[in-house]
Amino acid sequence: MVTQIISTMETQVSNGPSGTSLPNGPVISTNGSTDDSKTNLIVNYLPQNMTQEEFKSLFGSIGEIESCKLVRDKITGQSLGYGFVNYVDPNDADKAINTLNGLKLQTKTIKVSYARPSSASIRDANLYVSGLPKTMSQKDMEQLFSQYGRIITSRILVDQVTAGISRGVGFIRFDKRNEAEEAIKGLNGQKPLGAAEPITVKFANNPSQKTGQALLTQLYQTAARRYTGPLHHQTQRFRLDNLLNASYGVKSSPTLFPRFSPITIDSMTSLAGVNLTGPTGAGWCIFVYNLSPEADESVLWQLFGPFGAVTNVKVIRDFTTNKCKGFGFVTMTNYDEAAMAIASLNGYRLGDRVLQVSFKTSKQHKA
DNA sequence: TTTAATT
């Protein structure tokens, strides 16, 4: 037998408001520089389509930001659904937690909490648990695991249709990796009290282990939903002028930045209409035709990212309406990857449109 | 039988 579920036990999970509280620590050092532990926040469960600009705007409404970053996939440029905000004033960080934690944005409820100091020991501390009794609640699961360490988040996956019914599968993130290791040793293959079957406990996969094909499928599904579902959202606007090309900066070589470099992301978004000219210089320029008027840069990242290194994307827009004129360009570093992307995406149906994709022909300006 | 939590 393994573990008792003691019903009176209180969990100390930092899932809810205000996240992790930091015991007692200096706020301001003698030289006047701020201690990140009181100013640096992590924001989780952001809507997939939130941009860096929107993220900055939302948190900038609280107070002056020292730096902020929406974390994105290095290859596809897609948001990973979380980000960091470092305020100048610790009071603003506190205020951001109090006013923005729990805020509902589209389908998500965002979580705002203090970021733990970054260190190797907190990485890979996420566990995947399966074979859970269907009756086990999230709280039950936390109680089962909490004997091995401090739980940062937990989740039980539920059936989509019969909403609320457990799939017997969940996740537990510990504060430290070694706590997660101990939980595996202690609980993998064990039967929770009263359960008929043993549970499986292992390290979780990285959530973006998706193949190019899977990404295309996902993209297609989200695009298709746009045309079939009763989607009347009036929700997405953080009322910024997010209109013009947000040509996301992509640094192709993993430069070793000093930690917490004051360089903000925005300072890297300087690529404009550079290298849009032919298969020379920085890479292979690809012409994408039949984009919808609503298309934006992110759709190009999503389409081409899975095939390899993408250094630039651009949607061509009408100057006055700011709608896409039906085409755009993508620059890829490697010929093979570009050729594969073209072979795969030419004729690809995106929503109700069939894309035409080819290397850009060198009919200089004006076609 | 795998969700978007460490810059």
Side-chain angles (χ1 to χ4, degrees), chain A residues 13-16 19-20 36-37 39-50 52 55-56 59 65-74 76-87 101 105-134 138 141 150-160 166-177 179-180 188 197-211 214-215 218 222 249 251 254-266 268:
Chain A
V13 175
S14 65
N15 205 5
T20 314
D36 280 343
S37 69
T39 58
N40 196 28
L41 305 181
I42 185 165
V43 185
N44 289 294
Y45 310 115
L46 291 167
Q48 181 60 233
N49 60 5
M50 183 180 247
Q52 164 76 26
F55 182 64
K56 183 175 183 180
F59 285 87
I65 290 174
E66 201 277 328
S67 62
C68 73
K69 177 172 196 173
L70 175 66
V71 180
R72 292 181 287 120
D73 184 282
K74 284 191 186 66
T76 68
Q78 273 195 298
S79 166
L80 297 185
Y82 68 93
F84 296 89
V85 182
N86 199 3
Y87 284 99
N101 183 46
L105 253 26
Q106 297 167 247
T107 68
K108 307 280 190 172
T109 301
I110 70 171
K111 179 181 172 186
V112 185
S113 56
Y114 288 110
R116 291 170 290 158
S118 184
S119 84
S121 66
I122 68 173
R123 295 180 46 173
D124 303 315
N126 197 23
L127 297 180
Y128 173 76
V129 187
S130 58
L132 292 166
K134 300 287 194 276
Q138 181 182 356
M141 184 174 71
R150 176 168 160 239
I151 296 171
I152 301 301
T153 55
S154 71
R155 181 184 206 100
I156 288 182
L157 303 187
V158 296
D159 188 283
Q160 295 284 330
S166 166
R167 291 166 55 192
V169 173
F171 292 88
I172 295 271
R173 179 179 298 277
F174 279 100
D175 182 40
K176 295 288 191 294
R177 178 167 55 253
E179 295 170 343
N188 183 40
E197 299 299 325
I199 61 174
T200 300
V201 183
K202 54 208 256 197
F203 283 108
N205 292 336
N206 201 312
S208 97
Q209 290 294 6
K210 289 180 178 165
T211 65
L215 281 171
Q218 179 190 318
T222 55
K251 53 177 194 323
T255 317
L256 296 176
F257 282 122
R259 263 165 47 82
F260 303 121
S261 159
I263 300 171
T264 64
I265 304 265
D266 304 348
M268 305 180 74

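By convention in this document, chain letters (A, B, ...) are assigned in the order of the sequence lines, proteins followed by strands, and residues within each chain are numbered from 1.
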S.K.: What is the distance, to the nearest angstrom, from the CD1 atom on A:I122 to the P atom on B:dA5?
M.R.: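 Rounding to the nearest Å, CD1 of A:I122 and P of B:dA5 are 13 Å apart.
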
S.K.: Could you state the atom-to-atom distance from CG of A:N126 to C1' of B:dA4 in whole Å?
M.R.: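 Atom CG in A:N126 sits about 10 Å away from atom C1' in B:dA4.
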
S.K.: Once you apply a heavy-atom cut-off of 4.0 Å, does A:Y82 come out as touching a base, just sugar-phosphate, or nothing?
M.R.: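 Answer is sugar-phosphate: A:Y82 comes under 4.0 Å of backbone atoms only.
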
S.K.: Does A:R150 reach the main-chain N or O of A:K176 with its side chain, forming a donor-acceptor pair under 3.5 Å?
M.R.: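 Such a contact is absent between A:R150 side chain and A:K176 backbone.
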
S.K.: Of the nucleotides B:dT1, B:dT6, B:dA4, which has the atom closest to the A:S130 side chain?
M.R.: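 Selected nucleotide: B:dT1.
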
S.K.: Quick one, A:Q48 with A:Q78, criterion side chain to side chain contact (heavy atoms under 4.5 Å, CB included). Give me CA distance, side-chain angles, the key distance, then yes/no.
M.R.: CA-CA 8 Å; A:Q48 181 60 233; A:Q78 273 195 298; 3.9 Å; yes

S.K.: Nearest whole angstrom, please: distance from the C1' of B:dT6 to the CG of A:D175.
M.R.: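 Atom-to-atom, A:D175 to B:dT6, this comes out as 11 Å.
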
S.K.: It should be established whether A:N205 places a side-chain nitrogen or oxygen under 4.0 Å from OP1 or OP2 of nucleotide B:dT2.
M.R.: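 No, A:N205 has no side-chain N/O under 4.0 Å of OP1/OP2 on B:dT2.
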
S.K.: Give the nucleotide from the list B:dA5, B:dA4, B:dT2 with an atom nearest to the side chain of A:S113.
M.R.: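 When the side chain of A:S113 is considered, B:dA5 is the closest of B:dA5, B:dA4, B:dT2.
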
S.K.: In whole angstrom, give the distance that lies between atom CG of A:N44 and atom C1' of B:dT6.
M.R.: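 After rounding, the reported distance stands at 10 Å.
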
S.K.: Is the shortest heavy-atom distance from the side chain of A:F203 to the side chain of A:L127 under 4.5 Å?
M.R.: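 A side-chain contact under 4.5 Å exists here.
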
S.K.: Looking only at N and O atoms, is any donor in the side chain of A:R116 or the base of B:dT6 less than 3.5 Å from an acceptor on the other one?
M.R.: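 Side chain to base: pair found, below 3.5 Å.
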
S.K.: Between B:dA4, B:dA5, B:dT2, spot the one nearest the side chain of A:I42, thanks.
M.R.: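 So the side chain of A:I42 is nearest to B:dA5.
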
S.K.: Under the 3.5 Å rule, do the base of B:dT1 and the side chain of A:Y128 count as making a donor-acceptor pair?
M.R.: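 It does, because a donor-acceptor pair links the side chain of A:Y128 to the base of B:dT1 below 3.5 Å.
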
S.K.: What integer distance in Å separates A:F55:CZ from B:dA4:C1'?
M.R.: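 From A:F55 CZ to B:dA4 C1': 14 Å.
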
S.K.: Run the ring-centre check on A:Y128 versus A:F171 and record whether the distance is less than 6.0 Å.
M.R.: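 When the ring centroids of A:Y128 and A:F171 are compared, they turn out to be within the sub-6.0 Å range.
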
S.K.: Using atom CG of A:D159 as one end and atom P of B:dT1 as the other, report the distance to the nearest whole Å.
M.R.: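 Answer to the nearest Å: 12 Å.
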
S.K.: Nearest-Å distance, CZ (A:R177) to P (B:dA5)?
M.R.: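 A:R177 atom CZ is separated from B:dA5 atom P by 17 Å.
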
S.K.: Under 4.5 Å between any side-chain heavy atoms of A:V169 and A:I156, yes or no?
M.R.: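 Counting from C-beta outward, A:V169 and A:I156 never come under 4.5 Å.
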
S.K.: Check this one for me: any side-chain N or O of A:R173 less than 4.0 Å away from OP1 or OP2 of B:dA4?
M.R.: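 Looking at the OP1 and OP2 atoms of B:dA4, neither is under 4.0 Å from any side-chain N or O of A:R173.
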
S.K.: How many whole angstroms separate atom CG of A:N206 from atom P of B:dT3?
M.R.: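 Rounding to the nearest Å, CG of A:N206 and P of B:dT3 are 11 Å apart.
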
